[in-house]
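Working notes, structure below.
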Protein chains: 2
Amino acid sequence: MTGQEPQWLTDREQRAWQAYRRMFLLLNAQISRDLQHDSKLSDPDYDVLSNLGAAPDRRRRVSELADRMLWSRSRLSHHLARMEQRGLVVREGVATDGRGAVVALTDQGMRTLDAAAPAHVASVRRHFIDLLSPAQLDVLAELGETVVERLASGPTSAPGTD
Amino acid sequence: MTGQEPQWLTDREQRAWQAYRRMFLLLNAQISRDLQHDSKLSDPDYDVLSNLGAAPDRRRRVSELADRMLWSRSRLSHHLARMEQRGLVVREGVATDGRGAVVALTDQGMRTLDAAAPAHVASVRRHFIDLLSPAQLDVLAELGETVVERLASGPTSAPGTD
DNA sequence: TCCAAGTGATTGACGTGTCATCTATGTCCC
DNA sequence: GGGACATAGATGACACGTCAATCACTTGGA
């Protein structure tokens with residue numbers, strides 16, 4: 001079965017897709033910029049800090065952190081190296097498994113997070129949350145969860161293409 | 001006026017924000033991967049190609065292209081350099097303004113775009129569009145446009161903070 | 001016991017994006 | 001004409017993310 005005419009996007013679909021992409025582009029850039037200016041942190045820096053800050057003992061197994069954040073291990077490893085360099089986190093070995101590692105927030109990391117959080121939340125509000133109605137927020141949440149659920153489980157390629 | 005307690009996100013807001021971020025993370029990764037595997041193109045490559053492909057003479061002023069794509073000039077300049085290297089586009093001078101430049105799609109660029117488009121659209125459909133209802137698409141479009149409109153006009157920082 | 005396979009995590013190379021800076025040209029106005 | 005200033009675009013340094021390869025350790029047989 002070849003030569004199937006591709007299913008181009010309808011105007012409605014095109015509009016949604018384009019709006020979504022443009023929103024991400026600008027929103028992400030603006031929020032990153034704010035964070036950088038207010039707190040000298042990148043977006044990924046903040047993600048790591050806040051995730052560790054919320055952890056039981058301010059520390060997590062590296063893989064667990066990666067899974068939780070939906071990051072690749074490689075990405076996390078690279079990023080932790082940079083953050084460790086700056087004194088925001090430390091890596092510790094783990095007794096029960098010689099291969100494993102645990103990342104912990106340093107005091108400086110904790111202070112940095114505390115100092116950054118209010119301005120960051122304000123930025124997210126200002127550029128995003130406060131512009132939307134509760135109904136819009138709910139639709140977005142649902143829609144996002146639908147897409148994530150599909151992607152997180154089966155990252156397979158085109159079904160029926162094999 | 002100091003010490004204002006930060007306006008943390010409510011559960012509902014948190015849910016939307018998190019769903020949005022996770023969706024972007026996975027969706028973008030998956031679509032990029034598909035594009036890379038199917039057509040040896042990165043996401044930005046495709047964006048540039050398709051924008052030029054839709055242009056009147058398959059060519060545009062560099063700044064106009066940047067504005068249209070909401071890219072910084074620097075980003076576009078870097079990316080065009082890489083794409084020119086690969087023979088997908090060419091840069092030409094412009095007679096009316098000695099500073100200006102025009103980018104044009106090469107034949108190879110055009111062929112690459114034509115070859116990539118069907119699979120890319122299919123990928124977008126599979127991982128995103130087809131998972132959503134028309135109502136969800138409309139809400140997303142509206143919401144995205146609201147956010148973009150605000151950001152595209154006044155990229156100012158916190159009002160009342162000065 | 002010893003080795004093959006699996007798993008946790010890191011590394012290197014490379015493409016990408018940002019900011020700050022720079023070059024070249026155009027514009028305004030004295 | 002000749003600055004001052006703006007604009008178009010390119011560039012260098014650096015942070016980030018991906019993939020593939022690698023290292024170190026663990027596990028599960030034979």
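Lettering of chains follows the sequences in order, A, B, ..., and the numbering in each one begins at 1. Side chains included, hydrogens not; waters and symmetry mates left out as well; all remaining heavy atoms used.
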* By ring pair (Phe, Tyr, Trp, His ring centres under 6.0 Å), which residues pair with H120(B), not counting sequence neighbours? -> Y46(B)
* Using a 4.0 Å heavy-atom cut-off across all strands, classify S32(A) as base, sugar-phosphate, or nothing. => nothing
* For the pair made of CE in M83(A) and C1' in dC16(D), what is the distance, rounded to whole Å? -> 13 Å
* To do: Could I get the full list of side-chain hydrogen bond (donor to acceptor under 3.5 Å, both in side chains) partners for S39(B), not counting sequence neighbours?
  => none
* Those residues of residues 85-94 of chain A lying under 4.0 Å from DNA chain C by at least one heavy atom -> R91(A)
* **Pairs involving residues 128-140 of chain B, ordered by first then second residue, that meet salt bridge (charged side-chain N to carboxylate O under 4.0 Å, His left out) (sequence neighbours left out)** => R12(A)-D138(B), R125(B)-D130(B)
* Heavy atoms under 4.0 Å, any strand shown: does R82(A) hit a base, just sugar-phosphate, or nothing? -> base
* Asked: Would you say dA8(D) has OP1 or OP2 under 4.0 Å from some side-chain N or O of R73(B)?
  -> yes
* Only counting residues at least two apart or in another chain, list the ones meeting ring pair (Phe, Tyr, Trp, His ring centres under 6.0 Å) with W71(B). => H79(B)
* Quick one: are R91(A) and L80(A) in side-chain contact, heavy atoms under 4.5 Å? -> yes
* Got a sec, which residues hit side-chain contact (heavy atoms from CB on, under 4.5 Å) with E92(B), two or more places apart in sequence or on another chain? -> R59(B), V90(B), V102(B), A104(B)
* Can you name the side-chain hydrogen bond (donor to acceptor under 3.5 Å, both in side chains) partners of T146(B), sequence neighbours left out? -> none
* **ring pair (Phe, Tyr, Trp, His ring centres under 6.0 Å) partners of residues 91-118 of chain B, not counting sequence neighbours, each pair once** => none
* To do: Can you figure out which of dG8(C), dT10(C), dC16(D) approaches the side chain of H79(A) most closely?
  => dC16(D)
Check: protein-nucleotides 19-24 of chain C nitrogen or oxygen pairs below 3.5 Å:
from: dC19(C); atom 1: N4; to: S74(B); atom 2: OG; distance (Å): 2.7

* **Contact list for residues 101-111 of chain A, test side-chain hydrogen bond (donor to acceptor under 3.5 Å, both in side chains), sequence neighbours left out** => none
* Structure fact -> Under a 4.0 Å heavy-atom cutoff, the residues of residues 100-111 of chain A touching DNA chain C are G100(A), A101(A)
* Output every pair passing ring pair (Phe, Tyr, Trp, His ring centres under 6.0 Å) with a member in residues 92-111 of chain A, not counting sequence neighbours, ordered by first then second residue. => none
